[in-house]
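All chains are named by letter (A, B, ...) in the order of the sequence lines, taking the proteins before the strands, and each is independently numbered beginning at 1. None of these values were measured; they are calculated from a predicted model.
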2 protein chains.
Amino acid sequence: MPKQTFFNLPEEKKATLIRAARKEFSRVPLNDALIANIVKEAGVSRGSFYQYFEDKDDLYFYLLDKNTEDRWAVFVSELKKHDGDLFAAMTGMFYSTLSLINEKDTRDFYSNMFLNMNYKIEKTFKHTVKLEEFNKQMSNVLPLIQIEDLHAANNEELFHMLQITMTIMIQALMLKFAQELSDEEVAKHFELQLKLVKRGFIK
Amino acid sequence: MPKQTFFNLPEEKKATLIRAARKEFSRVPLNDALIANIVKEAGVSRGSFYQYFEDKDDLYFYLLDKNTEDRWAVFVSELKKHDGDLFAAMTGMFYSTLSLINEKDTRDFYSNMFLNMNYKIEKTFKHTVKLEEFNKQMSNVLPLIQIEDLHAANNEELFHMLQITMTIMIQALMLKFAQELSDEEVAKHFELQLKLVKRGFIK
DNA sequence: TCGACTATATGACACGGTGTTACTTATTAC
DNA sequence: GTAATAAGTAACACCGTGTCATATAGTCGA
């Protein structure tokens, strides 16, 4: 998390910093990003940077979290839209993410993210966690899911189904960037894999 | 790929280099590994390193490839052992990998690998690839799989089933290191997820 | 046995990025 | 208005990278 000093900054300065960081993290993945470029672009001194953030990672994960925290909201809204159909909701989330990715000023950022997605990044992106925390987090979502349609004996199995479908989605998006697939190709890939697991999730 | 110069080296010197590299990549993940440490440990000059390898990544992926190329062989042998049962074979491969991971002198290397697994590493580890290449690579394996048991209409669906089960395995192993799970916990996780997708893969 | 060519080995070096620190400037509070 | 606290800065020490000029060893035809 950024330091308090950062949050105390006037909105405009914060925005400038964030814009500069996004630009750098769009240019290259986290490991290759240079603090030097960010401070230059934002027009602040190097010393200031370290008064706002612990290091590069601190800033990156703050950004990532900001940019993905609404993924969960999308999922919930899709779930409502499709009367609790888990697969329809995940599909909706997939296409929503796909179009987000295609926006000119987000594409490179996501490209670098997906191609260098490790456990920590995946965890942040999934915005989800251990089984113990799952029930708490999901308390307002669980009732939305049409569990009668699912071959899930309990919450634990439901949790794993969510994990698997989420992973299928992420893997598909990774593939898009890795092999520069078209939306159609990656959608076909995603829908097929979803269909395959679905056959088993459905009673 | 390492340069020819490296392959021309006497076996013993190659082994020393590899041992030194493994040590460094066990200490820290790829990004934090220092060439300085490797050359120091191996007792060669910095200049020599660059005559053997393009850079750090070159050496790392060579090592990784060497260490994972027998994963495929394990899979094939498991497939034979279980009369073509895809799930039994994958489970066998899982436990085989698990015990490999638990060996004292491989654990840290794999820990760093799994926790920093990005697309390129995953691809190398999976030792598998695009659909087009799949049929060629699998030509000697496909006949082994009891496809009658599977709910797969064609090779493409079979390919995706393999991808999904492989991913489930990898994710489980990642989780082991990330949350420091016991073998029992991670096995439970893996087996449950496999069970869930299995319900659908089986006619 | 020589010399010439080729392969291998080396450490010094220029370059560039990081994170810190001593110091300056701005803001707040009384 | 001054003291205390917060924010901003540039210079610096440190360290790792990749390269290069040079040295050494090995090979082979004459």
Side-chain angles (χ1 to χ4, degrees), chain A residues 1-64 109 112 116 118 120-121, chain B residues 1-64 109 112 116 118 120-121:
Chain A
M1 265 287 120
K3 300 180 185 173
Q4 190 54 46
T5 314
F6 174 72
F7 293 111
N8 293 342
L9 254 32
E11 287 308 319
E12 204 219 316
K13 190 160 187 179
K14 269 193 284 192
T16 306
L17 245 350
I18 287 172
R19 223 178 303 121
R22 275 193 73 93
K23 186 173 173 187
E24 180 63 2
F25 292 128
S26 297
R27 185 182 70 85
V28 285
L30 174 55
N31 292 316
D32 303 326
L34 302 179
I35 293 173
N37 286 342
I38 297 173
V39 297
K40 193 179 164 194
E41 177 76 22
V44 300
S45 73
R46 180 170 194 79
S48 290
F49 181 92
Y50 286 96
Q51 243 161 345
Y52 305 147
F53 311 103
E54 289 296 333
D55 52 24
K56 227 174 26 175
D57 285 35
D58 187 27
L59 172 52
Y60 182 75
F61 282 98
Y62 171 67
L63 262 193
L64 187 61
F109 182 84
N112 287 326
N116 293 276
N118 57 24
K120 198 177 166 196
I121 293 177
Chain B
M1 264 289 120
K3 301 180 184 173
Q4 190 54 46
T5 314
F6 174 72
F7 293 110
N8 293 341
L9 254 32
E11 288 307 321
E12 204 218 319
K13 190 163 189 178
K14 270 193 283 192
T16 305
L17 246 350
I18 287 173
R19 222 177 304 121
R22 275 193 73 92
K23 187 173 173 187
E24 179 62 3
F25 292 128
S26 297
R27 187 183 67 85
V28 285
L30 174 55
N31 292 316
D32 303 326
L34 301 180
I35 293 173
N37 286 342
I38 298 173
V39 298
K40 193 179 163 195
E41 177 76 22
V44 300
S45 73
R46 179 171 197 79
S48 290
F49 181 91
Y50 287 96
Q51 242 160 346
Y52 305 146
F53 311 103
E54 290 296 334
D55 51 25
K56 226 173 28 174
D57 285 35
D58 188 28
L59 171 53
Y60 183 76
F61 283 98
Y62 170 67
L63 261 194
L64 187 61
F109 182 84
N112 287 325
N116 293 278
N118 58 25
K120 199 177 165 197
I121 293 177

Atom [atom1] of [X] to atom [atom2] of [N]: distance rounded to whole Å?
X: E54(B); N: dG18(D); atom1: CD; atom2: P; value: 10 Å
X: K40(A); N: dG16(C); atom1: NZ; atom2: P; value: 12 Å
X: I35(B); N: dT10(C); atom1: CD1; atom2: P; value: 16 Å
X: Q51(A); N: dA6(D); atom1: CD; atom2: P; value: 11 Å
X: L9(A); N: dA26(C); atom1: CG; atom2: C1'; value: 13 Å
X: D32(B); N: dT18(C); atom1: CG; atom2: P; value: 14 Å
X: D58(A); N: dG19(C); atom1: CG; atom2: C1'; value: 14 Å
X: F49(B); N: dT19(D); atom1: CZ; atom2: C1'; value: 14 Å

Nearest heavy atoms of T16(A) and A42(A), plus distance in Å |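 Nearest heavy atoms, T16(A) then A42(A): CG2-O, 3.9 Å.
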
Do you know which two heavy atoms are closest between R27(B) and D32(B), and how far apart they sit?
-> NH2-O, 3.9 Å

What do the steps show when you test Y62(A) against F6(A) for ring pair (Phe, Tyr, Trp, His ring centres under 6.0 Å), and what is the final call?
-> CA-CA 12 Å; Y62(A) 171 67; F6(A) 174 72; 5.8 Å; yes

Distance check: side-chain N/O of [X] vs OP1/OP2 of [N], anything under 4.0 Å?
X: Y52(B); N: dA9(C); value: yes
X: S45(A); N: dG8(D); value: no
X: Y50(A); N: dG19(C); value: yes
X: R46(A); N: dT18(C); value: yes
X: N8(A); N: dA6(D); value: no

Over 12 foreign heavy atoms within 6.0 Å of CD, E12(A) =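 Atom CD in E12(A) is not packed in, count stays at 12 or less.
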
For K13(A), report the nucleic acid contact type (base, sugar-phosphate, nothing); a contact means any heavy atom under 4.0 Å.
->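 Sugar-phosphate only.
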
Which part of the nucleic acid, if any, lies within contact of T5(A), taking any heavy atom under 4.0 Å across all strands shown: a base, the sugar-phosphate backbone alone, or nothing?
-> sugar-phosphate

Could you tell me whether the side chains of E41(B) and N37(B) share a donor-acceptor contact shorter than 3.5 Å?
->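 Per modelled atom types, E41(B) and N37(B) side chains form no pair under 3.5 Å.
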
